[in-house]
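What you see is a predicted model; the values in this text were computed from it and never measured. Computed over heavy atoms, backbone and side chain alike; hydrogens, waters and symmetry mates excluded. Per chain, numbering begins at 1; letters A, B, ... match sequence-line order.
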2 protein chains.
Amino acid sequence: MDKREIFTEISLFKRILEEKGLKFSKQRKLILEQFFIEEKHLNVEEIYQRLKKYNIGLATVYRNVKIFNNIGLLKEIVVDEVSYYELKIYSKKPLHIHFKCISCNDIIDVDERKIVLEYLKLNKDMEDRNGFEIYDVNIMFYGYCQKCKGCK
Amino acid sequence: MDKREIFTEISLFKRILEEKGLKFSKQRKLILEQFFIEEKHLNVEEIYQRLKKYNIGLATVYRNVKIFNNIGLLKEIVVDEVSYYELKIYSKKPLHIHFKCISCNDIIDVDERKIVLEYLKLNKDMEDRNGFEIYDVNIMFYGYCQKCKGCK
DNA sequence: TTTTTTGCAAAGACTTTGCATTGGA
DNA sequence: TCCAATGCAAAGTCTTTGCAAAAAA
């Protein structure tokens, strides 16, 4: 995503905040930008480490990721007891499958049509066999990513 | 599981603890028994609530579920940022699929051969398409269980 | 008796909240 | 200007740790 596109997205977020009566503060802009600088899942600590040089308070990060999650700008995923956040615009999928590398700790989104189809069958089986009514699912794979596979 | 069988299992746990040089204290016995009284997933708080009448300390529960997890008597699963434990003897399956009811909060083990087969296909796809090497997977379904489906 | 385990209380880690001050529209 | 948002510090949670006393073997 180039600088112009990021600018467009950030402007959109500004509008969304303003529609909710929320202000587009310097700190909120900085937090949201982090998700464009590196398109990955970030937790509060990671965001804070990147922004503390701007004198941002840790409580501000906690407060705002929670707000952004509530108004649907970010989506929270919990992995190993830690909350990570990702841009909601990247998570408009029928379900969420994540992969966490046990070497580099990166969390990767899995987004393959065929895998989603396999999953749908799994879901239907679950409902039929157990009498459940399923609303959401969370699939987490753990292992080595392509990058780390060679040098473990 | 009747009383005689529970007695046999508990005796086995006593032996396992003794082999590791650990003592079979009254508190450890009580904690392990809870998993037989109700064959479900328990978190530290739930165990403590059941046992505080025996004057057991919360720290003792924390310490021991951790020990039992390390020596393989219990298996830890993390759901919504809370650690639950279950007897390892009930978790000797090729993979772990859980279902959490959003009404009664019960966590149910899913253990259907056909679902496991679907999963294995999913796993292979993941490795082939993304170049991952998968070691573990965690699948959590959320929805209404059969019991709660009617009265939501 | 000897060593481990316990309960308690204190200390840590992480997150939220209260409040005076600052800042955005 | 006016109200929302911020940084800070204090207060909550939840979990771990230190230690003297108690309990296993």
Side-chain angles (χ1 to χ4, degrees), chain A residues 10-34 41-71 73-85 105, chain B residues 10-34 41-71 73-85 105:
Chain A
I10 294 283
S11 300
L12 176 65
F13 287 162
K14 183 167 186 292
R15 269 224 328 275
I16 293 169
L17 287 179
E18 283 162 357
E19 276 166 19
K20 306 263 177 189
L22 297 167
K23 292 185 174 165
F24 191 63
S25 67
K26 183 168 57 71
Q27 291 86 342
R28 287 183 177 158
K29 183 162 180 280
L30 282 168
I31 292 169
L32 289 170
E33 278 173 352
Q34 299 317 302
H41 305 76
L42 298 170
N43 61 38
V44 167
E45 190 53 30
E46 289 164 347
I47 298 169
Y48 177 66
Q49 287 306 322
R50 290 159 184 231
L51 297 182
K52 64 182 180 188
K53 60 186 167 196
Y54 301 110
N55 217 42
I56 198 172
L58 181 57
T60 300
V61 180
Y62 274 110
R63 271 190 289 243
N64 284 313
V65 292
K66 187 147 286 189
I67 290 169
F68 295 159
N69 183 54
N70 289 341
I71 66 174
L73 253 38
L74 296 180
K75 180 173 162 61
E76 181 185 22
I77 60 160
V78 179
V79 182
D80 301 333
E81 296 178 82
V82 176
S83 286
Y84 288 80
Y85 297 87
N105 288 317
Chain B
I10 294 283
S11 300
L12 176 65
F13 287 163
K14 185 167 185 292
R15 269 226 325 276
I16 294 169
L17 287 179
E18 284 163 356
E19 277 165 19
K20 306 261 178 191
L22 297 166
K23 290 180 177 170
F24 191 63
S25 68
K26 183 167 58 70
Q27 291 86 342
R28 286 184 178 157
K29 183 162 179 279
L30 282 167
I31 293 169
L32 289 170
E33 277 173 353
Q34 298 316 301
H41 305 75
L42 298 171
N43 62 37
V44 167
E45 190 53 29
E46 289 164 347
I47 298 169
Y48 177 66
Q49 287 307 321
R50 290 159 183 231
L51 297 182
K52 65 181 180 188
K53 59 186 167 195
Y54 301 111
N55 216 41
I56 198 171
L58 181 57
T60 300
V61 180
Y62 274 110
R63 270 190 288 242
N64 284 313
V65 291
K66 188 147 286 187
I67 290 168
F68 295 158
N69 183 52
N70 289 341
I71 65 173
L73 253 38
L74 296 179
K75 181 175 161 61
E76 180 184 23
I77 60 161
V78 179
V79 182
D80 300 332
E81 295 179 81
V82 176
S83 287
Y84 288 80
Y85 297 87
N105 288 317

[atom1] of [X] to [atom2] of [Y]: how many Å apart, nearest 0.5 Å?
X	Y	atom1	atom2	result
Glu81(A)	Glu76(B)	CD	CD	6.0 Å
Arg28(A)	Lys14(A)	CZ	NZ	13.0 Å
Tyr62(A)	Glu45(A)	OH	CD	7.0 Å
Leu32(A)	Tyr85(A)	CG	OH	13.0 Å
Leu58(A)	Gln49(A)	CG	CD	9.0 Å
Asp80(A)	Asn105(A)	CG	CG	8.5 Å

Inset, instruction - Tell me, with the steps shown, if Ile67(A) and Lys20(A) meet side chain to side chain contact (heavy atoms under 4.5 Å, CB included). - result: CA-CA 11 Å; Ile67(A) 290 169; Lys20(A) 306 263 177 189; over 6 Å; no
Legend entry - Proximity to DNA chain C (any heavy atom under 4.0 Å), residues of residues 42-50 of chain A only: none
Legend entry - Under 3.5 Å: donor-acceptor pair, side chain of Gln34(A), backbone of Ile31(A): no
Inset, instruction - Apply side chain to side chain contact (heavy atoms under 4.5 Å, CB included) to the pair Ile47(A) and Leu30(A), showing each step before the final yes or no. - result: CA-CA 9 Å; Ile47(A) 298 169; Leu30(A) 282 168; over 6 Å; no
Legend entry - Min side-chain heavy-atom separation Leu22(B)-Ile71(B) under 4.5 Å: yes
Inset, instruction - Answer whether the closest heavy-atom distance between the side chains of Ile10(B) and Phe24(B) falls below 4.5 Å. - result: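 Contact flag for Ile10(B)/Phe24(B) side chains = yes.
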Inset, instruction - Provide, to the nearest angstrom, the distance between the NZ atom belonging to Lys29(A) and the P atom belonging to dA4(D). - result: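 To the nearest whole Å, that distance equals 23 Å.
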Legend entry - Heavy-atom contact window of chain B on DNA chain C, given 5' to 3' at under 4.0 Å: dT3(C) to dC8(C)
Inset, instruction - Could I get the full list of side chain to side chain donor-acceptor pair (under 3.5 Å) partners for Lys29(B), not counting sequence neighbours? - result: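 Testing Lys29(B) for side chain to side chain donor-acceptor pair (under 3.5 Å), a comparison that skips the adjacent residues, returns Glu33(B).
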Inset, instruction - Rounded to 10°, tell me the angle between the two end axes of the helix from dT1(C)-dA25(D) to dA25(C)-dT1(D), each built from five pairs. - result: 30°
Legend entry - Shortest non-hydrogen separation from Phe68(A) to Leu17(A) and the atoms involved: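 Nearest heavy atoms, Phe68(A) then Leu17(A): CE2-CD2, 3.9 Å.
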Legend entry - Nearest heavy-atom neighbours spanning Asn43(B) and Ser83(B): CB-O, 3.2 Å
Inset, instruction - Specify the residues of residues 56-64 of chain A, ordered by number, for which at least one heavy atom lies under 4.0 angstrom from an atom of DNA chain D. - result: Ile56(A), Gly57(A), Ala59(A), Thr60(A), Arg63(A), Asn64(A)
Legend entry - Base versus backbone protein contacts along nucleotides 20-25 of chain D [heavy-atom cut-off under 4.0 Å; B, S, -]: ----BS
Inset, instruction - Could you give me the CA-CA distance, side-chain angles and deciding distance for His41(A) and Val79(A), then say whether side chain to side chain contact (heavy atoms under 4.5 Å, CB included) is met? - result: CA-CA 11 Å; His41(A) 305 76; Val79(A) 182; over 6 Å; no
